[in-house]
Student: 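Can you read through this structure? Questions will come right after.
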Amino acid sequence: MANDTGVLIVLGVLTVTFFIYQKIKPLKLDKDLPTLDKSHYHFLLGHLPYLLSKTYRWPTEVTKLNKKFKRTWGAVMPSLPFLPSCTLFINDEVNVKHVLNDNFDNYVKGKVFEGWFRDFLGDGIFAVDGIKWKVHRKLMSHMFSRNLLRDSATIMRQKLEGVLQDMEHAIDADHGVTRNGRKTAQFDFQGLMLRLMFDVTSKFAFGVDLNTVSNNSKEEQHPFFAAFDRIAHLIYGRGSDVFYPIKRKLGIGSEKLIAESLRTINDFAMDLIAERRINVEKGVHIPTSDHCAGKGNGNNGNFDLVSKYIEHAQKENEDISDRDLRDIVVNVMFAGRDTTAYALSWALYELERHPIVKEKLISEVNSVCGTGEEADYSFDTMNKLKYTHCVILEVMRLHPTLPENIRYAVKSDTLPDGTRVPQGAGISLSFYSMGRTEELWGKDAAEFKPERFMGEKEPSPYMFTAFHAGPRFCLGKPLAFMNMKLVLSILLTSGIEFKDRVGHSGDYNYAITMSMKDSFPIEISLLLTDAHVVEFF
């Protein structure tokens, strides 16, 4: 009897094991679809272990694999609720257009993305699909009017004036290091750009100046700024942590830090929302650009997106919750801070490596904007900087701050190249890889050459994917270009010399965005013999 019981138990275990295996075993790809070597395949986990091992170097790895396969290729994973059964990697303009535009409704952010980012981005424009996304998109489009771009230019110039004064004070400080007869100072350029864009975004979008870039804020980061910085890296880590749902429920490890960061972010957002609701109720908020241009006092009357959403809801006799408004705050701050700040850091990195390009850019700025107190750094003048525009395009081609994008197929489909897409499959679009693909950009694809864009029509967004493409094309592109032109123009013609004395390796940190690894330490010194910075303002 005991032996019979043992046999039954073994048979039961084998049956259950077989059933589980059949449920979660990796999907079989079409035979003619390229895939990873057999050595990277696990009978139960598919290619998941290999993909996880390359997580933090994935932009480089997928670039190598795309170059190897030269067409759409695939990888499979176990069929679990939080994973796609397979992921297809596309790297050509026609397939990208199909996914991001031609069959747009079939390719969504999906539940995997939602699981990773929902508690951070909520129902904001970057996290949702369908009707919610369309509503956000329509309202957000009003944010990027020409008046707002002009207002933002004014704010940026004011902030840069303070940045230049801080730099001059740092150089003049008693502890300054002398090099070749000139006093110098060292600072983290990437950190400065993050604080600068954080301040500018909060001011033009919400009417508040968090002042993280000022002298008084250098030693201690603004809590909202610090929480934002921390959570962007921690949440991406969920992609390589299969136990994150359990850790989140238990509130331990990285999930505890995420929860703490979210509390800081939510407290800041809710305080801001409460203030804006009161302002709108009292009629204090006037959606005009005059105050943002410096003609008013304090925050009263400043254009801000939160108030605009509240007013729109009142006009349409609709309710808008504090949670909805919180998601707007977080999504706009995420878009406005990290992406432009990292792009500017990569821009200075490339200009330091290519002095001739740097000289051309400075020459154009001096010619178009003028010099000294008569220099014109207005929004309209920024549009005339053609070579500077090409420099930024080239920076974004090689260093897209959002290097990877994933979509999930709602229904089965067939790509233009004939690749079958199973329902629920992930579609990986590597913007980093596409910017370095010789089939798209020529044999010099890996070289930094802004001249490739001079006199040419801007390439298709399905080829130059740094600002996404299709219905989700980045609304903030004109604002990002204007801010980058302003920063480069004013800093590089200020009379302050910027030098990468350490010699940054060009390596990156890959999270949601792609920043410079170990940040970007820079040495500054005065170029002018009378030892003061040129006054622009």
Side-chain angles (χ1 to χ4, degrees), residues 82 108-143 198 201-208 210 222-232 234-236 238 244-245 248-249 251 255-282 284-285 287 299 302-338 472 475-476 512:
F82 53 89
V108 298
K109 295 274 188 177
K111 291 187 177 181
V112 176
F113 182 92
E114 182 180 313
W116 292 353
F117 298 108
R118 185 66 177 270
D119 48 3
F120 176 38
L121 299 179
D123 286 333
I125 191 170
F126 297 114
V128 294
D129 298 297
I131 298 299
K132 284 187 176 181
W133 170 77
K134 290 179 181 178
V135 171
H136 278 297
R137 179 81 176 188
K138 182 179 179 181
L139 288 173
M140 195 77 77
S141 65
H142 298 297
M143 181 179 178
F198 188 79
T201 303
S202 63
K203 180 66 175 175
F204 86 79
F206 311 117
V208 294
L210 299 176
H222 191 284
F224 183 59
F225 176 93
F228 229 91
D229 209 38
R230 183 165 55 248
I231 204 168
L234 290 174
I235 282 192
Y236 180 78
R238 287 173 171 172
Y244 89 83
R248 180 162 58 182
K249 282 187 176 297
E255 291 298 319
K256 179 181 179 181
L257 295 176
I258 288 175
E260 291 172 352
S261 299
L262 281 172
R263 279 194 292 272
T264 300
I265 290 169
N266 292 340
D267 288 347
F268 172 85
M270 293 305 178
D271 288 345
L272 177 65
I273 290 162
E275 181 181 331
R276 289 295 170 263
R277 284 195 185 277
I278 292 171
N279 285 351
V280 172
E281 184 179 339
K282 291 181 176 180
V284 173
H285 174 78
N299 292 330
N302 284 359
F303 171 93
D304 70 88
L305 189 62
V306 173
S307 297
K308 198 173 186 69
Y309 270 73
I310 295 171
E311 290 172 341
H312 176 83
Q314 290 181 345
K315 181 181 178 181
E316 299 296 325
N317 198 27
E318 298 173 348
D319 291 328
I320 185 166
S321 69
D322 286 356
R323 179 67 193 191
D324 287 337
L325 292 170
R326 174 265 180 209
D327 294 342
I328 293 165
V329 171
V330 170
N331 279 255
V332 172
M333 291 302 294
F334 170 66
R337 188 196 80 136
D338 293 44
R472 282 187 179 267
L475 286 170
I512 301 172

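Fair warning: this is a prediction, and the values are worked out from it, not measured in the lab.
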Student: Please enumerate all residues that pass ring pair (Phe, Tyr, Trp, His ring centres under 6.0 Å) together with Phe225, with sequence neighbours excluded.
Tutor: Phe198

Student: Tell me whether Arg276 is salt-bridged to Asp271, with the criterion being a basic N under 4.0 Å from an acidic carboxylate O.
Tutor: no

Student: If we check side-chain contact (heavy atoms from CB on, under 4.5 Å) with Glu255, which of these qualifies: Lys249, Glu260, Arg238?
Tutor: Arg238

Student: Answer whether the closest heavy-atom distance between the side chains of His136 and Ile328 falls below 4.5 Å.
Tutor: yes

Student: Do we see a donor-acceptor contact under 3.5 Å between the side chains of Ser321 and Asp324?
Tutor: yes

Student: Just checking, any donor-acceptor pair under 3.5 angstrom between side chains of Arg230 and Ser261?
Tutor: yes

Student: Tell me, do Phe268 and Phe228 make a side-chain contact under 4.5 Å, heavy atoms counted?
Tutor: no

Student: Decide yes or no for Ile265 and Met333: does some side-chain heavy atom of the first lie under 4.5 Å from some side-chain heavy atom of the second?
Tutor: no

Student: For Phe117, what residues pass the ring pair (Phe, Tyr, Trp, His ring centres under 6.0 Å) criterion, not counting sequence neighbours?
Tutor: Phe113

Student: For residues Arg326 and Leu272, determine if any side-chain heavy atom of one lies less than 4.5 Å from a side-chain heavy atom of the other.
Tutor: no

Student: Could you check whether Lys132 pairs with Asp123 (Lys NZ or Arg NE/NH1/NH2 to Asp/Glu carboxylate O, under 4.0 Å)?
Tutor: yes

Student: Tell me if the CD atom of Glu281 is crowded by more than 12 foreign heavy atoms within 6.0 Å.
Tutor: no

Student: Would you check if Ile258 and Arg248 make a side-chain contact, meaning some heavy-atom pair closer than 4.5 Å?
Tutor: no

Student: Let me see the working for Arg323 and Asp327 under salt bridge (charged side-chain N to carboxylate O under 4.0 Å, His left out), right down to the final yes or no.
Tutor: CA-CA 6 Å; Arg323 179 67 193 191; Asp327 294 342; 3.5 Å; yes

